[in-house]
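Lettering of chains follows the sequences in order, A, B, ..., and the numbering in each one begins at 1. None of these values were measured; they are calculated from a predicted model.
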Amino acid sequence: MEAGLISVDRWAEGSQSYFLTHLHSDHTNGLSPKWSRGPLFCSRITAKLFPCKFPGFSLSLLRVLELGIWYHVPLVSSLTGSETVVSVMAIDAQHCPAGAVMYLFRGAFGFMLYTGDFRWEASSEKAEMGRKMLLSALNGMKVDTLHIDNTYCNPSYSFPSRKGAAKQVIDVIAAHPEHDIIIGIDNLGKEDLLVYIAHVLNIKIWVWPERLQIMHLLGFHDIFTTKTSLTRVRAVPRYSFSIETIEDMNEMRPTIGIMPSGLPWVVGSVDRSTRFFSPPLNSVQKNCSWNINEERDNPSKGLHLLIYSIPYSDHSCFSEIQDFVNLVQPANMRGIVSSTSCYIDPRYFFGRQSNYLNSLRESFEWEEGSDRLKSIRKKLDYGRYKIAQKCEKSPRQTRVDFSCGRVRRVRRKKRGAKILEDQRNDG
DNA sequence: GCGATCAGCT
DNA sequence: CACAGCTGATCGC
């Protein structure tokens, strides 16, 4: 059995300490109410939400880390049997606003930064705080190993700030004064968007009962309701959000759906080649409003007019990843999302070892129209094209068989890593 | 019956 | 290809 010191978002046995970045399911695979390999370190908000996600979990295993403070964790080196101290600081990851953190570790191994899922928006006040916290913790030192959220680590991914995307949502709602509004969300995350909508439009927002409980735990008491009659804006679980449900709702009342999503395209169950109504790319890039009514009067072929896809992302886009890498200047780097065939090692874009700055400069040279960018886009578009093509051939009631050929779905594996091993386990 | 894992879907 | 996550089938105990 290999001997490990630290695991982040990974819950198998073999580590002396376990760290949780946030409570999204792909980071808690392997955790259960019966898990007992503690101690488990997490943020205060995550600890507060823990009983919701894992009723019956022994809370005595939790160790709350306040943001921006160094904690010293004594561990035992299985190599020498002697005590070794690992210091850790939690820093706001600005992912799901509810308690997601990145962890900065310091020890005999140097500095190791594990971002978890994170969004590195330059513009926001919170981002500036996080930047200061990180720089002051590093105190001029460089990060030796960076484990980074590489979800959108590809130059093709470009989207506006969440504030900009939230304004687009407001535009959509304002353009439909007589409509009911359905917004697809998950169990955790996108709270800031909903609060912003409620504030700007001076309305309450409906959520389902379990979500209301979470909102209350997060300290939102007068913004959300479970009474349908109080509001025309409802946030519903994303898995219950589909073209069919929105179309069915339109038999009762005029209704539109809004899907806030980092993905620039969203497929529906009626016809997977249908793309939801989205702001045009240039308005996304320029972070400005677009004329919804004008667009709707001249809809492009294949757009679904009842559902709007808004590029509201809790993960960093490519340029933000670039900014972050530039800031921490890691000697080495690896992506924490390593599951799918579209995985691209961040070092492909940002270089490896000390060479990364040259590669960074190079990657800035991928301007619109460059051959390199074209080839990457082509790679991405190919997959989309194949799926659209398959669906066109499939009758509406027939399931599309994704189990063969090049478009075979690759199951997303869990994230997380055992990030610190004793020397003898190398190689 | 229970938990873990996986397949399928949104 | 896929943000995050639900439901249901299956398997081993």
Side-chain angles (χ1 to χ4, degrees), chain A residues 9 11-12 21-35 53-54 56 95-96 98 100 116-119 149-154 156-157 159 162 165 182-190 193 208 210-211 214 236-247 257 259-276 304 307 309-317 336-344 376-391 394 398-415:
Chain A
D9 293 349
W11 311 104
T21 58
H22 65 294
L23 276 171
H24 276 154
S25 294
D26 54 336
H27 295 257
T28 60
N29 274 314
L31 260 188
S32 73
K34 288 178 180 169
W35 189 86
K53 180 95 178 177
F54 300 109
H95 171 57
C96 53
D117 290 352
F118 84 125
R119 176 106 201 235
D149 173 11
N150 55 315
T151 303
Y152 293 126
C153 188
N154 187 305
S156 299
Y157 290 120
F159 30 73
R162 283 175 286 197
I182 303 293
I183 304 174
I185 61 166
D186 291 310
N187 286 325
L188 203 56
K190 311 272 196 290
L193 170 64
W208 63 102
E210 293 81 2
R211 197 59 157 96
I214 290 173
V236 305
R238 198 163 46 85
Y239 60 84
S240 71
F241 184 111
S242 70
I243 291 174
E244 284 100 331
T245 55
I246 302 294
E247 282 174 350
M259 187 62 91
S261 165
L263 282 182
W265 64 93
V266 179
V267 293
S269 60
V270 173
D271 173 357
R272 282 165 186 276
S273 64
T274 298
R275 289 183 64 185
F276 295 157
H304 197 280
I307 297 181
S309 176
I310 303 291
Y312 187 101
S313 171
D314 283 330
H315 295 265
S316 299
C317 66
I336 63 171
V337 187
S338 61
S339 57
T340 64
S341 55
C342 89
Y343 170 76
I344 298 170
I376 289 163
R377 290 223 168 111
K378 197 173 163 189
K379 202 169 145 191
L380 280 175
D381 280 342
Y382 179 72
R384 287 187 229 183
Y385 167 74
K386 290 289 279 189
I387 284 182
Q389 204 181 34
K390 266 204 152 190
C391 293
S394 306
T398 306
R399 279 192 188 170
V400 178
D401 178 15
F402 290 96
S403 64
C404 61
R406 294 192 60 164
V407 290
R408 182 169 54 88
R409 287 172 62 96
V410 181
R411 198 174 169 73
R412 193 157 53 86
K413 288 180 198 157
K414 48 192 145 184
R415 305 180 184 211

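Closest contact between the side chain of A/D186 and the listed nucleotides B/dC2, B/dA4, C/dG5 involves C/dG5. Residue A/H315 places its side chain closer to C/dC3 than to any other of B/dG3, C/dG5, C/dC3. Which of C/dC3, C/dG5, B/dA4 sits closest to the side chain of A/S32 comes down to B/dA4. In this structure, of B/dA4, C/dG5, C/dC3, it is C/dG5 that holds the atom nearest to the side chain of A/H24. The side chain of A/K34 lies closest to B/dC2, out of B/dC2, C/dG5, C/dC3.
Rounded to whole Å, the distance from CG on A/L23 to C1' on C/dC6 is 17 Å. The CD1-P distance, from A/I182 to B/dT10, rounds to 18 Å in whole Å. Summarising the geometry, the separation between OH on A/Y239 and P on B/dT10 is reported as 15 Å, rounded to the nearest angstrom. If you take CG of A/N187 and P of C/dG5, they are 6 Å apart, rounded to a whole angstrom. The CD1-C1' distance, from A/I183 to B/dT10, rounds to 18 Å in whole Å. Rounded to whole Å, the distance from CZ on A/F118 to P on C/dC3 is 15 Å. The distance from atom CG of A/N29 to atom P of B/dA4 is 11 Å, rounded to the nearest whole Å. Per the geometry, CD1 belonging to A/I336 stands 11 Å off P belonging to C/dC3, to the nearest Å.
Using a 4.0 Å cut-off between a side-chain N of Lys or Arg and a carboxylate O of Asp or Glu, A/D149 and A/R119 do not qualify as a salt bridge.
Side-chain contact of A/D186 with A/H24: a donor-acceptor pair under 3.5 Å is absent, judged by distance alone.
A/S240 pairs by the side-chain contact (heavy atoms from CB on, under 4.5 Å) definition with A/V236, A/P237, not counting sequence neighbours. Residues that satisfy the side-chain contact (heavy atoms from CB on, under 4.5 Å) test with A/K53, not counting sequence neighbours, are A/L23, A/S25, A/T28.
Within the 4.0 angstrom heavy-atom criterion, only backbone atoms of the sugar-phosphate kind lie near A/H95; the bases stay farther away.
Contact check, A/S25 against C/dG5: a side-chain N or O comes under 4.0 Å of OP1 or OP2.
Nucleotides B/dT5 and C/dC3, compared at atom C1', are 23 Å apart to the nearest Å.
Interatomic distance, A/C317 SG to A/Y152 OH, rounded to the nearest 0.5 Å: 10.5 Å.
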